[in-house]
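All values reported here derive from a predicted model rather than from experimental measurement.
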Amino acid sequence: QVQLVESGGGVVHPGGSLRLSCAASGFTLDDYAIAWFRQAPGKEREGISCISSSDGPVPWAEESMKGRFTISTDNAKNTVYLQITSAKPEDTAAYYCAADVGCHILVAAAWEHWGQGTQVTVSS
């Protein structure tokens, strides 16, 4: 079975950095695209970035996130990372990774496989 487990969330000060991990099992990263989403209370789930063996990194994020969020993979560990730098309070959200066939899927609800999420709180 395809499974995704996020980790690495926690509390970070504004301007700080955090790296989230998405450990995949039941498939290899060569076979699926992996994307990061986030959702704050009362807000829609928004895509951050996607990566696949064919597309490489595909940035989705709005301008407030571009340049501060970097997606990467460690194929040996079958893990996808999201590096957050210069964290802002508005980055506070539950962060999810998802897997599907390709980064062309731009609607969050269309993504097939999801992890349970990891909470990131940016606060002084």
Side-chain angles (χ1 to χ4, degrees):
Q1 292 183 338
V2 173
Q3 290 187 329
L4 303 168
V5 179
E6 300 96 335
S7 63
V11 179
V12 62
H13 293 304
S17 299
L18 202 65
R19 190 179 74 164
L20 309 182
S21 299
C22 175
S25 61
F27 68 100
T28 65
L29 299 182
D30 288 336
D31 298 325
Y32 280 85
I34 304 294
W36 282 98
F37 298 81
R38 71 181 188 184
Q39 187 168 23
K43 295 185 178 180
E44 295 292 319
R45 187 166 298 187
E46 61 178 338
I48 301 169
S49 188
C50 182
I51 193 166
S52 72
S53 61
S54 60
D55 295 327
V58 179
W60 292 339
E62 60 187 14
E63 290 300 322
S64 63
M65 287 188 286
K66 291 180 179 178
R68 302 189 299 109
F69 289 75
T70 302
I71 193 168
S72 63
T73 64
D74 186 335
N75 289 342
K77 297 181 179 180
N78 222 41
T79 298
V80 178
Y81 303 99
L82 183 69
Q83 179 71 39
I84 305 172
T85 60
S86 301
K88 300 179 179 180
E90 55 263 40
D91 296 328
T92 296
Y95 285 72
Y96 301 87
C97 61
D100 213 317
V101 297
C103 293
H104 61 281
I105 302 172
L106 302 179
V107 179
W111 282 74
E112 184 175 1
H113 305 287
W114 291 85
Q116 293 300 306
T118 185
Q119 179 68 36
V120 172
T121 301
V122 183
S123 176
S124 60

Can you measure from [atom1] ([X]) to [atom2] ([Y]) and round to the nearest 0.5 angstrom?
X     : Y     : atom1 : atom2 : result
Thr85 : Arg19 : OG1   : CZ    : 13.5 Å
Arg38 : Ile84 : CZ    : CD1   : 8.0 Å
Cys50 : Ile34 : SG    : CD1   : 8.0 Å
Tyr96 : Leu20 : OH    : CG    : 12.5 Å
Phe27 : Leu4  : CZ    : CG    : 5.0 Å
Thr70 : Trp36 : OG1   : CH2   : 13.0 Å

Identify the heavy atoms of [X] and [Y] that sit nearest to each other, and give their distance.
X      : Y     : result
Ala40  : Ala93 : N-CB, 3.8 Å
Ser72  : Ile51 : CA-CD1, 4.2 Å
Thr28  : Asn78 : CA-OD1, 3.4 Å
Cys103 : Val58 : CB-CG2, 3.9 Å
Ala23  : Thr79 : CA-OG1, 4.0 Å
Gly47  : Phe37 : CA-CD2, 3.4 Å

Are side-chain heavy atoms of [X] and [Y] found at a separation under 4.5 Å?
X     : Y      : value
Asp55 : His104 : no
Ile48 : Met65  : yes
Pro14 : Val122 : yes
Ser49 : Trp60  : no
Asp91 : Arg68  : yes
Arg45 : Trp111 : no

Indicate, with yes or no, if Leu29 and Val101 share a hydrophobic cluster defined by side-chain heavy-atom contacts under 4.5 Å among Ile, Leu, Val, Met, Phe, Trp and Tyr.
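No, it is not one cluster - the side chains of Val101 and Leu29 are not joined through contacts under 4.5 Å.
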Hydrophobic cluster membership, Val11 vs Phe69, 4.5 Å side-chain cutoff:
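No: no chain of side-chain contacts under 4.5 Å links Val11 to Phe69.
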Heavy-atom donor-acceptor pair, Ser53 side chain to Asp30 backbone, under 3.5 Å:
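Yes.
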Would the distance check show the side chain of Glu6 and the main-chain N or O of Cys97 forming a donor-acceptor pair, the cut-off being under 3.5 Å?
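Checking the backbone N and O of Cys97 against the side chain of Glu6, a donor-acceptor pair under 3.5 Å is found.
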Taking atom CD of Gln119 as the centre, report whether more than 12 heavy atoms of other residues, nucleotides or ligands fall under 6.0 Å from it.
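More than 12 heavy atoms, drawn from other residues, nucleotides or ligands, come within 6.0 Å of this atom.
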In terms of relative ring orientation, are His113 and Tyr32 parallel, tilted or perpendicular, with 30° and 60° separating the classes?
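Taking Tyr32 first and then His113, their aromatic rings stand perpendicular (interplane angle over 60°).
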